[in-house]
Amino acid sequence: TALAVAADAFFFNPTNFASLIPGNITLPVVWKRFNLDINTGSPVIAERTLFFMCLAILLVVIAAVIGVRRARPGRVMIATRDNPRAAAAMAVPTTRIKLLGFVVAGAIAGLAGGLHATLLGAIGTHTYDPSESLKVFSMVIIGGVDSITGALLGVALIQLAVHYWPQYQLLITGSALLFILLALPGGLGAVVFGLRDRLLNVAARRRGIDLTASADGAVSASAAEPPPATTAAAATTQTAPKHAPASNALLRRMSAANMA
C-alpha cells in the first residue's frame, strides 16, 4: 500500500516525469488487420477486438504458468514456499528461487498493467488509486493463492460485486476477506477442489471403483510381500516338521543297532 501511494503521488505524476508518462496512447492496428483504436474505427468492433486480444493473452499466460508449475522451477518454487528449510536442506537456493518468483510475478503484473494502460489510453495521477492494491490483494486471498482456478474465481467474484454494488465495494471486499481468512483459509479454490473430489468419490462408489486402490496399491503390495529373510525363515519353519519324523526314525534305528 505504501508503494502504491508513492507511485500514485510521485511516479505517475506528469509534472515529475513528463517525458516518461504518456499523456495519450494510440492503439495500434495489429497485423494490419485488427484496428484497436475506438476513435478511428468502429467502436463495437474495436472493443470486441480488444476483448478477444486480452482473452487470448490471458489464456497464454495461464498456459505458461501451468507449464512453469509442472516443470522443475515451479516445483522448486512451491517447495520453497511451503517449507524453505527443507528445500534449503536439499541444496535448493531459496533466496534465488524467491527472487525468481518475484520476477515472474512482476513480469505478469507488468504485462497486465501495460494492457490496462493501453485500454485506458493515458495514465497519470490517480489513475491507479492505492485502494486498488487492497482490492487485488482481496481477490487473491478470497480466491486462493494455491491455484490458478481460485485466483480467477476471486477476480470474477469481486469484479461482479463491484459492478453491481459499487457503493459497497470496501464493505464487500473487507467482509469477504475476513470470512475467508477465518472459515476458509484455502480460499474458494480449495472449496471447488474439495467439491470436485467429493463428486468423484460419489461417482466412483456408484460404479464400484476403488479410488484408493491406485494410490495405496504399491503400499499394500509392498506390505503384503514379506521380506526375503522372513520368507526364508517361514520356509525353514514349514520344512522342518516334514524332516523331523524321518530324523527321529533314523535315531531310533541307530540306537537299536548300538544296543545289539
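In this chain, residues are counted from 1 in sequence order. Note that the structure is a prediction, hence the values are computed from the model and not measured.
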Checklist outcome for this item: One should read off an interatomic distance between I62 CD1 and I57 CD1, to the nearest 0.5 angstrom, of 12.5 Å
Checklist entry - When Ile, Leu, Val, Met, Phe, Trp and Tyr are grouped by side-chain heavy atoms lying under 4.5 Å apart, directly or through other members, which residues fall in the same group as L199? => result none
Any chain of hydrophobic side-chain contacts (each under 4.5 Å) joining [X] to [Y]?
X: F137; Y: L181; value: yes
X: I108; Y: I78; value: no
X: M139; Y: I172; value: no
X: I66; Y: L100; value: yes
X: L50; Y: L58; value: yes

Checklist entry - Given V104 and V68, is the side-chain contact (heavy atoms from CB on, under 4.5 Å) satisfied, shown in steps? => result CA-CA 10 Å; V104 174; V68 170; 5.7 Å; no
Checklist entry - Taking all atoms of both residues into account, what is the closest heavy-atom pair of T94 and P84, and its distance? => result CG2-O, 3.6 Å
Item to check | Minimal non-hydrogen separation, S138 against T173, with atom names | outcome: OG-CB, 4.0 Å
Checklist entry - Between N83 and R85, does a side-chain contact (heavy atoms from CB on, under 4.5 Å) hold up when you go through it step by step? => result CA-CA 6 Å; N83 196 337; R85 292 185 178 181; 3.9 Å; yes
Next on the checklist: When you measure from the side chain of R75 to the backbone of R70, do you find a donor-acceptor pair of N or O atoms at a distance under 3.5 Å?
Outcome noted: yes
Which side-chain N or O atoms in residues 140-169 pair as donor and acceptor under 3.5 Å with protein atoms at least two apart or in another chain?
{"from": "D146", "atom 1": "OD1", "to": "R81", "atom 2": "NH1", "distance (Å)": "3.4"}
{"from": "S147", "atom 1": "OG", "to": "G150", "atom 2": "N", "distance (Å)": "3.1"}

Next on the checklist: Within a 6.0 Å radius of atom CZ on R196, are there more than 12 heavy atoms belonging to other residues, nucleotides or ligands?
Outcome noted: yes
Checklist entry - Does M53 reach the side chain of L115, with side-chain heavy atoms less than 4.5 Å apart? => result yes
